[in-house]
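Report on the following structure.
None of the values given here were measured: they were computed from a predicted structure. Just the heavy atoms: all of them, side chains too, but no hydrogens, waters or symmetry mates, feed the values below.
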Amino acid sequence: MIKKSSLLLLLSCVAASIEEAAVAQVPKKQVAAVEVISDIASAANAEISRQPIDPNPLCPLLRGPRGHRGHRGHRGHRGHTGNTGATGATGVTGATGATGPIGAAGVTGATGATGATGVTGAGVTGATGATGVTGPTGPGAGATGATGATGATGATGATGPTGPTGATGATGATGAPGQCGNGSIFLNPYQMMEQHSDLGGLDLNYIPDQQFDNVYEDATPLGINAPIVEAWILPKTPVGPIDESIIHRIQTQFIVPDDADLSQPVILAVHIFVAQFGHVAPDDPISAQLQVRADYRPDGGQFGTGTGGGSFSENIFSGDFDAIEPTGDNDNLRHQVVNIPLNGSLMSNDGWAYLSITRVDPDNEQEYDDDLYLSNLSVRYTRLCQQPT
């Protein structure tokens with residue numbers, strides 16, 4: 001099949017040669033122009049564009065003599081290798097060659113495990129032959145053979161009857177009494193008395209000198225006749241060398257319990273109240289300290305001053321503690337406990353004990369600037385277990 005563009009080119013060349021042959025005989029104005037049109041596609045299946053072609057350089061009939069052959073152009077690149085064709089059928093198997101020589105013998109392998117022994121046959125045992133005649137006894141007794149092994153111990157026989165009970169031995173010394181928990185005694189404000197002086201005389205008080213009549217004011221509809229709490233006033237320590245002469249002293253006395261283990265700690269717990277005066281740290285000092293003068297005397301013991309008196313058994317300071325005021329209503333109180341160790345080794349069971357309690361300057365000199373109130377005392381100790389008599 002001749003493509004459309006090639007056919008047009010061929011026709012244009014024929015037309016051009018005819019035109020050239022006849023141009024000499026036809027006037028110039030009568031010569032018709034020949035136009036060659038070529039449809040050109042830029043790529044496969046692309047849009048076709050129509051363009052005029054000049055036939056003169058393309059047609060050999062209008063050219064001059066052939067020129068020299070040009071140099072051979074470079075060989076084009078090798079094309080891609082085509083797909084491998086299908087494998088042909090397998091040929092007929094050739095004849096088997098002659099058998100080769102026998103190779104050298106290989107090393108003998110290890111012997112396998114011996115198989116299990118077969119079952120013994122069921123043959124009958126033959127009769128025992130007759131005993132031969134006993135030979136003569138040899139000269140002299142032979143050596144004694146070795147002692148045989150000791151046989152197993154026989155079973156233990158039944159237990160015999162119990163013999164009579166022996167005499168009871170002497171009773172050992174009684175051990176020290178054991179401990180039986182903790183004990184305590186308490187002293188309320190009505191078991192105390194207070195004394196102080198204004199340098200004009202000595203004042204003695206046997207009824208607590210402070211009544212808090214509004215602390216439970218909401219217990220009654222009108223706020224009157226409410227339950228009252230009583231305590232002893234411990235005022236701020238007096239200033240100056242005469243403080244021992246005018247200071248408030250609160251005294252009490254008791255008997256040391258007979259079940260107190262005096263080898264163990266004995267603690268005096270001082271229960272105080274703090275009222276609301278508006279003193280709050282760190283803006284105000286809040287430290288306080290108590291002093292306890294204590295005397296302990298057994299049955300027949302003397303006390304007092306001078307020869308044979310011995311004065312107080314011990315003089316104890318509580319150490320500084322903080323007096324923390326209550327919050328809320330102005331009539332509220334805060335309960336606070338100050339624990340002071342006593343020397344139990346100076347006491348005796350069923351002995352007499354005396355306490356005199358005062359308020360003194362704290363060690364840090366930052367004393368709480370108002371009254372404290374002594375409410376109750378308790379003495380805590382470890383109890384001895386009582387032995388029956």
Side-chain angles (χ1 to χ4, degrees), residues 176-177 179-197 202-206 231-235 237-238 241-272 288-321 336-363 372 374-384 386:
Q179 295 179 356
C180 287
N182 299 321
S184 67
I185 59 174
F186 68 89
L187 302 163
N188 62 44
Y190 310 104
Q191 296 170 291
M192 308 174 197
M193 59 88 62
E194 183 269 338
Q195 68 179 68
H196 68 277
S197 172
L202 184 65
D203 290 334
L204 301 177
N205 296 293
Y206 301 96
W232 292 102
I233 298 175
L234 287 171
T237 306
I242 62 172
D243 57 354
E244 286 290 342
S245 298
I246 63 176
I247 198 169
H248 283 229
R249 304 182 192 280
I250 299 172
Q251 281 77 234
T252 191
Q253 48 191 302
F254 62 94
I255 301 302
V256 178
D258 62 352
D259 64 346
D261 184 351
L262 300 179
S263 67
Q264 299 298 313
V266 178
I267 304 297
L268 171 64
V270 181
H271 295 252
I272 62 174
Q289 182 169 210
L290 301 178
Q291 180 183 23
V292 179
R293 287 184 170 94
D295 203 2
Y296 317 116
R297 300 296 163 178
D299 181 21
Q302 295 186 157
F303 60 94
T305 58
T307 303
S311 189
F312 288 102
S313 299
E314 61 177 332
N315 185 24
I316 318 152
F317 292 90
S318 68
D320 292 359
F321 61 90
Q336 190 166 335
V337 180
V338 180
N339 292 311
I340 304 174
L342 302 179
N343 189 346
S345 66
L346 301 177
M347 303 177 187
S348 59
N349 295 107
D350 288 322
W352 175 80
Y354 173 85
L355 303 175
S356 177
I357 302 172
T358 57
R359 182 175 167 186
V360 295
D361 289 331
D363 293 337
L372 299 175
L374 195 157
S375 170
N376 284 269
L377 300 174
S378 69
V379 179
R380 303 196 305 267
Y381 59 92
T382 301
R383 297 181 64 239
L384 290 171
Q386 296 295 309

Have [X] and [Y] got a donor and an acceptor in their side chains that come within less than 3.5 Å?
{"X": "Q289", "Y": "S318", "answer": "no"}
{"X": "Y381", "Y": "D259", "answer": "yes"}
{"X": "Q195", "Y": "N205", "answer": "no"}
{"X": "Y206", "Y": "E194", "answer": "no"}

Quick check for you: to the nearest 0.5 Å, what is the distance between [X] atom [atom1] and [Y] atom [atom2]?
{"X": "N376", "Y": "Q191", "atom1": "CG", "atom2": "CD", "value": "8.5 Å"}
{"X": "Y190", "Y": "T252", "atom1": "OH", "atom2": "OG1", "value": "14.0 Å"}
{"X": "F321", "Y": "I340", "atom1": "CZ", "atom2": "CD1", "value": "8.0 Å"}
{"X": "W232", "Y": "Q251", "atom1": "CH2", "atom2": "CD", "value": "10.0 Å"}
{"X": "D258", "Y": "D350", "atom1": "CG", "atom2": "CG", "value": "4.5 Å"}
{"X": "I255", "Y": "S348", "atom1": "CD1", "atom2": "OG", "value": "9.5 Å"}

Can you check whether [Y]'s main-chain N or O pairs, donor with acceptor, with [X]'s side chain at less than 3.5 Å?
{"X": "S313", "Y": "Y296", "answer": "yes"}
{"X": "N349", "Y": "A260", "answer": "yes"}
{"X": "Q264", "Y": "D261", "answer": "no"}

*Would N315 and Q291 satisfy side chain to side chain contact (heavy atoms under 4.5 Å, CB included), going step by step from the backbone distance to the final call?*
CA-CA 7 Å; N315 185 24; Q291 180 183 23; 3.0 Å; yes

Heavy atoms only: give me the nearest [X]-[Y] pair and the separation to one decimal.
{"X": "M192", "Y": "S375", "value": "CE-O, 4.2 Å"}
{"X": "S197", "Y": "L202", "value": "CB-CD1, 4.4 Å"}
{"X": "V337", "Y": "A269", "value": "CG1-CB, 4.0 Å"}

Are [X] and [Y] packed together at the side-chain level, in the sense that at least one heavy-atom pair is separated by less than 4.5 angstrom?
{"X": "V338", "Y": "H271", "result": "no"}
{"X": "V270", "Y": "L290", "result": "yes"}
{"X": "R249", "Y": "H196", "result": "no"}
{"X": "V256", "Y": "I185", "result": "no"}
{"X": "R359", "Y": "I247", "result": "no"}
{"X": "I267", "Y": "V379", "result": "no"}
{"X": "S345", "Y": "L262", "result": "no"}
{"X": "I316", "Y": "L342", "result": "yes"}

*Only one of T358, L377, L355 passes side chain to side chain contact (heavy atoms under 4.5 Å, CB included) with V292; say which it is.*
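Filter result, single survivor: L355.
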
*Hey, are R297 and D295 close enough for a salt bridge, meaning a charged N less than 4.0 Å from a carboxylate O?*
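Between D295 and R297 there is a salt bridge, with a charged N closer than 4.0 Å to a carboxylate O.
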
*For L204 and M193, what are the C-alpha separation, side-chain angles and deciding distance, and is it a side chain to side chain contact (heavy atoms under 4.5 Å, CB included)?*
CA-CA 7 Å; L204 301 177; M193 59 88 62; 3.9 Å; yes

*Verdict with reasoning, F254 to Y354, per side chain to side chain contact (heavy atoms under 4.5 Å, CB included)*: CA-CA 7 Å; F254 62 94; Y354 173 85; over 6 Å; no

_Trace of the side chain to side chain contact (heavy atoms under 4.5 Å, CB included) decision for L234 with I250_ = CA-CA 9 Å; L234 287 171; I250 299 172; 3.7 Å; yes

*Answer yes if the ring centres of F303 and W352 are under 6.0 angstrom apart, and no otherwise.*
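Yes: the rings meet the under 6.0 Å criterion.
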
